[in-house]
Amino acid sequence: MEPGNSMTRKLLDLMQETGYPLVQHNGQRRFGPPPDWTGPAPQKGCEVFIGKLPREIFEDELVPIFSRVGKVYEMRLMMDFSGSNRGYAFVTYTTKSEAYRAVKELNGYEIRPRRHIGVVKSVDNCRLFVGNIPKTKSKEEVLEELSKRVAGIVDVILYKNCYDKRLNRGFAFVEFTSHRAAAMARRALVPGCVKIWDQEVMVDWAEPEPDIDDEQMRKVKVLYVRNFQIKTTPETIQAVFEAAVNNQVERVKKIFDYAFIHFYQREHAEMAMKKLQNAEIDGSVVEIRWAKPVVREIYRIQKMNRGNAKFNNSFNLSQTLLLYKQQLEKKEFINSAKDDEGIGSAGAGESSCGSPSDGNSPVYTNGSKEHYSMAPAKLDSMCKRYMWAPPVYSYQKYTDATSTEIWVGRVELPHVGAPLLNIPRHLGPLATRPCMSMQQAHVEAAEYALQVIKMLKADLIQQSLPPPPPPAPLPPVYPTIMSPMPSCLNISYDYLNPSIYTQRQPIMPVTMPLWRNV
């Protein structure tokens, strides 16, 4: 029997034995789902990725191996035009626990002599980040507007503003039914192709949430609680939760409008979630979820990559300020990226708009090369990190002599305090130069505020450094004690008749001293 016929017979035997269908389409061969399966497909997190497969291995060998750890819902083997596999496949199990078991037991499995396969969890991202949403829109309005343009939306996650619960934060996370639906929506919402509420939204893949093993999640004793008021203190939160679980709260860490609440025992956390879910604390309804553990080293690297670790954590404040002063003196900031502005940058992006004091700053146009600076996002992020009041923008439009619309932006920082100022104070209004659009005025106002904050940093550095030592005394100045010396600079020399110099010539005194004190 020929090899091709032999393989066909093996696959037919596998289909007859299991009852699973086997269909090849678009470069992959799908085995499954089970003939007795009813209801929706398995939930997200049930899929594993298989790599380093030998090219001559197919479903007749793979299915029995991966069926040892759980029931296979579907196997997708990537195929080449030559008839061999492409070295990798995807297996979907019926439960998440079976997928975790496959990773644990089959990663590194020796499928051929000295040939080990790799098995890891598959990242099936179904979530998009949608930015530049009007801050006055509600979750229902965002869902309705996006549903008119894309399909497959499961949920819209819209966070409220920390300081004004009537507003959102200007962005949302949109969950879709599948990765394919999210990819199609991302393609449909490309900026320049569609506008929502007369604005071009920013769309990109959201960072997938860490997928934690169910067994590990059952050991978590920390709750994540969000939607607090900024004014709500950690002491108030701890008192409310301790009253619900009979003083079994270990500690509370509050950050902006959310907090992590640590309990001594798992059952106390479960009790607090049951009693206080959707409870009202300080006039705000809170939401409670289980906190997901993270690897601290990876989390630190992620924060540094996002620009949230501006200062070296190994230094104290004085050492950090001294290091920062040295960097300013060396003018290292000249060679740094333009997007490295301030602490806690919300995003890194090119700024095509210089500071208001820069006379060479380009002007915004309506051309296809228009870019938007991230300065407003950076300023908002800085205010949130230090728990300052958010910036307040205002605009004024007028027409110049050529009938061109000119915009002037103003920004105010109502409450700037620690770590820059010991006594909080109001900054502004800071007015921009004339701009060609309201968007440019908005950006330049934010960049102007960032420049003012940098000046405050420099003042803080100067105040924190010790006074310079007194200058060393200057060496004493002594008058010259040498008498005038003769010079022969004014004596001519006859190169043709040097004999005239054999006789002694009279010495001509020089009135100008040779040494002079400056």
Side-chain angles (χ1 to χ4, degrees), residues 1-126 177-184 208 211-215:
M1 183 179 294
E2 296 181 3
N5 294 334
S6 175
M7 178 53 58
T8 303
R9 174 52 57 187
K10 290 180 180 179
L11 295 178
L12 290 174
D13 292 342
L14 178 65
M15 295 171 58
Q16 185 176 1
E17 180 182 353
T18 60
Y20 282 54
L22 184 63
V23 180
Q24 184 165 339
H25 182 65
N26 288 341
Q28 61 180 325
R29 200 155 60 195
R30 292 177 176 267
F31 175 80
D36 57 348
W37 184 267
T38 58
Q43 59 178 326
K44 181 181 176 182
C46 296
E47 186 179 74
V48 298
F49 171 81
I50 311 164
K52 301 181 182 180
L53 285 175
R55 295 299 183 95
E56 72 279 2
I57 284 184
F58 300 98
E59 292 86 350
D60 61 304
E61 291 187 60
L62 293 175
V63 170
I65 294 174
F66 284 88
S67 296
R68 299 174 189 172
V69 297
K71 184 175 182 179
V72 174
Y73 172 80
E74 182 182 69
M75 175 180 289
R76 294 185 290 123
L77 182 63
M78 303 300 123
M79 300 298 296
D80 204 347
F81 290 108
S82 62
S84 62
N85 73 66
R86 298 171 60 184
Y88 64 97
F90 296 89
V91 173
T92 302
Y93 287 93
T94 57
T95 63
K96 295 173 65 174
S97 60
E98 294 171 334
Y100 280 108
R101 186 182 172 191
V103 173
K104 186 177 181 181
E105 298 184 13
L106 297 178
N107 185 32
Y109 177 79
E110 189 174 7
I111 199 166
R112 287 282 191 274
R114 291 179 297 180
R115 295 290 300 272
H116 300 268
I117 62 174
V119 181
V120 296
K121 286 299 296 294
S122 175
V123 180
D124 188 15
N125 196 356
C126 302
T177 55
S178 64
H179 176 79
R180 175 179 174 79
M184 296 299 292
D211 197 3
I212 310 300
D213 186 358
D214 291 341
E215 183 178 352

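Keep in mind that the numbers below use all heavy atoms, side chains included, and drop hydrogens, waters and symmetry copies.
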Passes side chain to side chain contact (heavy atoms under 4.5 Å, CB included), Asp60 versus Asp13? Steps please. CA-CA 9 Å; Asp60 61 304; Asp13 292 342; over 6 Å; no
Mind checking ring-ring contact (aromatic ring centres under 6.0 Å, His included) for His116 and listing every partner two or more places apart, or none if nothing turns up?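 With sequence neighbours excluded, His116 shows a ring-ring contact (aromatic ring centres under 6.0 Å, His included) to no residue whatsoever.
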Residues passing the ring-ring contact (aromatic ring centres under 6.0 Å, His included) test with Phe31, sequence neighbours excluded, are Tyr20
Check [X] against [Y] and note the closest heavy-atom contact, atom names and distance.
X: Thr177; Y: Ala181; answer: OG1-CB, 3.7 Å
X: Cys46; Y: Thr95; answer: SG-C, 3.4 Å
X: Asn107; Y: Val103; answer: CB-O, 3.1 Å
X: Arg29; Y: Leu22; answer: CG-CD1, 3.6 Å
X: Glu47; Y: Ala99; answer: N-CB, 4.5 Å
X: Ala89; Y: Leu77; answer: CB-CD1, 3.7 Å

Between the main-chain N or O of [Y] and the side-chain N or O of [X], is there a donor-acceptor pair closer than 3.5 Å?
X: Asn85; Y: Ile57; result: yes
X: Lys52; Y: Arg115; result: no
X: Asn125; Y: His179; result: no

Evaluate the criterion side chain to side chain contact (heavy atoms under 4.5 Å, CB included) for residue pair Val119 and Tyr109; output intermediate values, then yes/no. CA-CA 9 Å; Val119 181; Tyr109 177 79; over 6 Å; no
With rounding to the nearest 0.5 angstrom, report the [atom1] to [atom2] distance, [X] to [Y].
X: Ile117; Y: Phe49; atom1: CD1; atom2: CZ; value: 11.0 Å
X: Leu14; Y: Glu59; atom1: CG; atom2: CD; value: 7.5 Å
X: Glu98; Y: Thr92; atom1: CD; atom2: OG1; value: 11.5 Å

Qualifying residue, where the test is ring-ring contact (aromatic ring centres under 6.0 Å, His included) with Tyr73 and the options are Trp37, Phe90, Phe66, Tyr93: Trp37
For atom [atom1] of [X], decide whether the heavy atoms of other residues, nucleotides or ligands shown that lie under 6.0 angstrom number more than 12.
X: Met79; atom1: CE; value: yes
X: Gln24; atom1: CD; value: yes
X: Glu17; atom1: CD; value: no

Check against side chain to side chain contact (heavy atoms under 4.5 Å, CB included), Glu61 and Arg112: CA-CA 11 Å; Glu61 291 187 60; Arg112 287 282 191 274; 3.0 Å; yes
[Y] side chain reached by [X] side chain, heavy atoms, under 4.5 Å:
X: Val72; Y: Val63; result: no
X: Gln43; Y: Lys96; result: yes
X: Val48; Y: Leu106; result: no

